[in-house]
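Count residues from 1 along the sequence.
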Amino acid sequence: MPNLFIALAGLSGFLAVGIGAFGAHALRDRLTPELAATFQTGVQYHMFHTLALFGVGLLLLAVPQASLPRVSGYLFVAGIALFSGSLYVLAITGIRWLGAITPLGGLCFLAAWGLLAWFAATSEFLSS
C-alpha cells in the first residue's frame, strides 16, 4: 500500500508540474487575469497535497497496517482531483458552475488532514 501512495504522489507531482507549465506558457495569453489566478490556485493546491500524499506513503512504510493514514491518502487523491481538477476546467472553459465542485475537494483535504492529526494523537508509534 505505501508504494501505491508514493507512486500516486510521483504521478501527481509530474502532472502538477506539467499542468503548471502548460498554464504558464500555453494559457498565458488566453486567460483573463482572474481565470489565470484560479488556474494557479489549482496548481498550488495540487502540488501542496501531492507532497502530503508522498508523506502518507512514507508514513505507511513505517506503519503499513495503519488505516487512518491510508484513508487520508485516498482523500488527498480525491481532493486533488475535485479541487484542483475543477479549478483547471473552470479556468480553461469559463464554466462557472464547476466552482460548486471545488468545495467538495476542499472538504476531502480537510478530512485527510484531520485523519492524519487524529492518527498522530492516538498512535503509540508516534509517541515512542
Side-chain angles (χ1 to χ4, degrees):
M1 186 63 61
N3 290 342
L4 170 66
F5 290 117
I6 292 171
L8 287 172
L11 176 62
S12 182
F14 177 88
L15 290 171
V17 170
I19 291 168
F22 174 73
H25 299 289
L27 298 177
R28 178 180 21 205
D29 298 328
R30 297 175 187 218
L31 298 180
T32 66
E34 178 185 305
L35 290 177
T38 297
F39 193 90
Q40 182 62 30
T41 298
V43 172
Q44 288 174 336
Y45 275 73
H46 188 159
M47 186 54 81
F48 295 153
H49 291 91
T50 292
L51 295 173
L53 184 60
F54 183 71
V56 166
L58 294 178
L59 180 60
L60 286 171
L61 286 173
V63 284
Q65 74 286 1
S67 61
L68 291 175
R70 186 176 315 111
V71 174
S72 179
Y74 288 121
L75 286 167
F76 280 129
V77 171
I80 290 167
L82 293 171
F83 186 91
S84 294
S86 67
L87 291 180
Y88 297 148
V89 175
L90 185 153
I92 291 170
T93 66
I95 300 172
R96 294 282 179 199
W97 67 264
L98 289 168
I101 296 171
T102 308
L104 298 175
L107 289 173
C108 289
F109 289 150
L110 289 169
W113 287 113
L115 287 177
L116 285 180
W118 185 11
F119 175 74
T122 60
S123 174
E124 290 186 28
F125 164 76
L126 295 173
S127 63
S128 57

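- Taking every heavy atom of both residues into account, M47 and A16 meet most closely at CE-CB, 3.7 Å.
- Considering only heavy atoms from C-beta on, V89 stays 4.5 Å or farther from I95 through its side chain.
- No chain of hydrophobic side-chain contacts below 4.5 Å, direct or via other Ile, Leu, Val, Met, Phe, Trp or Tyr residues, connects V43 to F83.
- In this structure, F54 has its ring center no closer than 6.0 Å to that of F5.
- Scanning all heavy atoms of the two residues, the minimum distance from P69 to L116 falls at CA-CD2, 4.2 Å.
- For the atom pair CZ (F76) and CG (L115), the distance works out to 9.0 Å, reported to the nearest 0.5 Å.
- The CD1 atom of I6 sits 4.5 Å away from atom CG of L61, with the distance rounded to the nearest 0.5 Å.
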Requested in this report: Using the side-chain contact (heavy atoms from CB on, under 4.5 Å) rule, take F39 and I19 through it: C-alpha gap first, then chi angles, then the decisive distance, then the call.
Outcome: CA-CA 9 Å; F39 193 90; I19 291 168; 3.5 Å; yes
Requested in this report: Quick one: do R30 and I92 satisfy side-chain contact (heavy atoms from CB on, under 4.5 Å)? Show the steps, please.
Outcome: CA-CA 9 Å; R30 297 175 187 218; I92 291 170; over 6 Å; no
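- When all heavy atoms of L75 and A111 are compared, the pair lying nearest together is CD1-CB, 3.7 Å.
- Distance CG/L59 to OG/S123: 8.0 Å, rounded to 0.5 Å.
- In this structure, CG in N3 is found 11.0 Å from CG in L8, a value given to the nearest 0.5 Å.
- Taking all atoms of both residues into account, the shortest heavy-atom contact from S84 to G42 is OG-O, 2.8 Å.
- The two residues C108 and A78 have their closest heavy-atom pair at SG-CB, 4.0 Å.
- A side-chain donor-acceptor contact under 3.5 Å links T50 to the backbone of H46.
- One hydrophobic cluster, built from ILVMFWY side chains closer than 4.5 Å, cannot hold both L110 and F119; they sit in different ones.
- No continuous path of hydrophobic side-chain contacts links I101 to F109 [ILVMFWY only; heavy atoms under 4.5 Å].
- Between the OG atom of S12 and the CG atom of L53 there is a distance of 6.5 Å, given to the nearest 0.5 Å.
- The CG atom of L35 sits 14.5 Å away from the OH atom of Y88 when rounded to the nearest 0.5 Å.
- Listed for the R70 side chain is a donor-acceptor partner under 3.5 Å among the backbone atoms of P64.
- The hydrophobic cluster containing V71 does not contain L82, counting ILVMFWY residues as joined when their side-chain heavy atoms lie under 4.5 angstrom apart, directly or transitively.
- A heavy-atom distance below 4.5 Å is not found between the side chains of L98 and T102.
- Linking Ile, Leu, Val, Met, Phe, Trp and Tyr whenever their side-chain heavy atoms come within less than 4.5 Å leaves L107 and Y45 in two separate clusters.
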